[in-house]
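Numbering starts at 1 and runs along the sequence shown. Computed from a predicted model, the values in this text were never measured in an experiment.
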Amino acid sequence: MISGYLVNNFFVAVFGMVLAANFCDISWTRFKRLMMAGCMAVILMFQGIVYFCIDSNIIVYLYPFITHVPLAAVLCILSRKFLWPVISVLMAYLCCQIRRWLALLIITIFSGGFAMQNAAELFLTLPILLILLKFIVPSVQSVSHYTISVQCQFGLVPMLYYGFDYLTRIYTNMLLEGVLLVVEFMPFVCSIAYLIFVFYMSSKERICSQLEQTQLSLNMQVAQSVREIEALRESQRKTRTYRHDLRHHMQYLSSCIENGHLEQAQGYIREICSDIEANKVMPICENEAVNLIFSAFVGRFKNFGIPIELEVRIPQVIRISENDLCVLLSNALENALHACQKLKKKGLVGTIVVSAFEERGKIFLQIINSCDKDIIFDDGIPVANHPGHGIGVRSICAIVEKYSGIYDFSVKDGRFILRVSF
């Protein structure tokens with residue numbers, strides 16, 4: 001019986017240490033594996049010394065100090081983290097209770113005794129360990145990359161159980177004595193943990209739903225921007241075609257003049273000039289996409305009688321994708337246009353000044369436009385007063401963050417200033 005008890009303790013120690021080591025997301029090298037194996041051997045040796053040379057009954061009281069604390073310390077060194085290795089040890093201790101409870105279930109069903117319990121725990125050790133390593137460990141490892149607050153929430157239940165088990169079952173007999181407060185404590189913890197889980201999942205679901213809606217809006221913006229670029233490119237191709245076919249147009253006009261059809265010739269000239277003017281792309285900089293976007297918006301600004309100044313130096317080859325550049329510029333210019341339109345409705349004149357250039361692979365953009373003074377900021381980002389608005393600002397922020405850039409929104413002397421670098 002004693003021999004079975006010792007073997008069972010040996011296997012449960014190995015079970016817990018292997019599980020705790022795998023819960024930590026450690027890049028295992030040969031040196032780290034040897035260090036972990038040496039740590040396990042030393043811990044098992046100390047357990048043997050305490051059991052055989054000091055007092056076999058005291059080992060359960062010293063177990064946290066000769067097993068859990070050294071194990072957590074070694075995992076902290078190997079992972080170069082402090083909090084998560086401690087949580088990993090607590091979770092491994094909690095998982096050890098799976099084999100213990102299943103063994104108790106077996107001896108309850110078959111009316112076994114202490115020897116059957118040890119045999120059942122030994123039999124269950126390897127299957128449970130393999131299941132946990134295959135299905136649970138990858139998910140647990142991923143939590144180690146979350147924020148400290150999430151890690152603490154994740155480790156709360158294992159920590160409470162660890163303290164509860166040692167205080168009520170090992171260091172005292174309150175659980176066996178049936179103290180009602182103690183007996184009902186873990187059901188209370190499970191209830192609170194479940195309620196927190198429901199609240200947390202509900203909050204996450206709402207956030208995910210909002211993100212999906214924002215993503216849908218962004219996808220629609222990208223699709224619209226792509227269509228606008230293609231439309232502008234098509235207009236540019238038509239203009240090139242007109243230039244290429246200039247000889248044919250001249251021949252037609254010459255024929256009209258020779259035959260005395262002056263009004264027909266004048267109408268034809270007006271039609272060609274109108275088409276060329278409508279399809280004209282301003283040569284603002286070397287980048288074709290930038291030229292197409294600004295050409296489209298400059299026309300809109302002129303239609304609304306809003307003056308715009310441009311100083312743009314963007315090369316043809318940049319690291320930003322054409323779609324992202326189109327969405328960012330379109331949203332920024334659209335917001336500036338709307339701000340100036342609001343001023344115009346009040347009888348005021350708005351202006352827009354755009355500066356953009358590329359340096360050392362980064363794009364620097366500044367757009368200054370006249371605006372109202374009622375702009376509300378939340379954590380440095382302007383927020384919309386009406387539902388459905390503000391997506392353009394979020395789009396700008398998302399694209400800048402995508403390229404690890406920085407953005408800044410501010411208002412000074414009745415002018416809204418957007419600065420981005422990405």
| message | Could you go through Ser202 and Arg206, starting from their C-alpha distance and side-chain angles, then the distance that decides it, and tell me whether this counts as side chain to side chain donor-acceptor pair (under 3.5 Å)? | response | CA-CA 6 Å; Ser202 177; Arg206 285 196 299 270; 3.1 Å; yes

| said: With ring pair (Phe, Tyr, Trp, His ring centres under 6.0 Å) as the criterion, how do Phe409 and Phe377 come out once you've worked through the C-alpha distance, each side chain's angles and the decisive distance to 0.1 Å? | reply: CA-CA 9 Å; Phe409 303 90; Phe377 286 84; 7.5 Å; no

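Residue-environment remark: CH2 (Trp101) stays at or below the threshold of 12 foreign heavy atoms within 6.0 Å. Within a 6.0 Å sphere centred on CG of Leu34, other residues, nucleotides and ligands contribute more than 12 heavy atoms. For Phe11, the CZ atom is loosely surrounded, since the number of other residues' heavy atoms within 6.0 Å does not exceed 12.
Side-chain contact check for Glu286 versus Ile314: every heavy-atom pair is 4.5 Å or farther apart. You'll find the side chain of Thr67 reaches within 4.5 Å of the side chain of Gln47, heavy atoms only. For the pair Glu358 and Phe364, the minimum side-chain heavy-atom distance is 4.5 Å or more. At a threshold of 4.5 Å between non-hydrogen side-chain atoms, the residues Trp84 and Ile87 count as touching. Ile293 places a side-chain heavy atom less than 4.5 Å from the side chain of Ser330. Side chains of Arg99 and Val12 form a contact here, defined as non-hydrogen atoms less than 4.5 Å apart. Side-chain contact between Lys32 and Trp28 is present, with at least one heavy-atom pair separated by less than 4.5 Å. Contact check for Val189 versus Leu156: no side-chain heavy atoms found under the 4.5 Å cut-off.
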Donor-acceptor contacts, no H, no angles, side chain residues 413-422, under 3.5 Å, sequence neighbours left out:
residue : atom : partner : partner atom : Å
Arg419  : NE   : Gln366  : OE1          : 2.7
Arg419  : NH2  : Gln366  : OE1          : 3.4

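Listed by first and then second residue, the side chain to side chain donor-acceptor pair (under 3.5 Å) pairs involving residues 138-150 are Asp25-His145, Thr147-Ser149 (not counting sequence neighbours). The stretch residues 164-183 participates, sequence neighbours left out, in these side chain to side chain donor-acceptor pair (under 3.5 Å) pairs: Tyr93-Asp165, Asp165-Arg169.
What you find for Ser395 and Val327 is that their closest heavy atoms are CB-CG1, 4.2 Å. The two atoms that bring Arg319 and Tyr403 nearest to each other are NH2-O, 3.3 Å, heavy atoms only. The two residues Cys39 and Val74 come nearest to each other via the heavy atoms SG-CG2, 3.4 Å. The minimum heavy-atom distance between Ala21 and Ile26, with the atom names listed, is O-CD1, 4.3 Å. In terms of heavy atoms, Leu337 sits closest to Ile352 at N-CD1, 4.3 Å. Here the closest heavy-atom approach between residue Leu102 and residue Leu124 is recorded as CB-CD1, 3.5 Å.
Between Phe297 and the options Leu329, Leu333, Leu310, Ile308, a side chain to side chain contact (heavy atoms under 4.5 Å, CB included) holds for only Leu333.
Judged by distance alone, with hydrogens and angles left aside, the side-chain atoms of Asn369 form no donor-acceptor pair with the main-chain N or O of Thr351 at under 3.5 Å. With Asp324 contributing its side chain and Ile399 its backbone, the two residues share no donor-acceptor pair below 3.5 Å. Between the side chain of Gln117 and the main chain of Ile107, no donor-acceptor pair closer than 3.5 Å is present.
In summary, the side chains of Glu401 and Tyr407 do present a donor paired with an acceptor at a separation below 3.5 Å, with no hydrogens or angles considered. A donor-acceptor pair shorter than 3.5 Å can be found between the side chains of Glu121 and Asn8.
Atom CG of Asp372 and atom CG of Leu343 lie 5.0 Å apart (nearest 0.5 Å).
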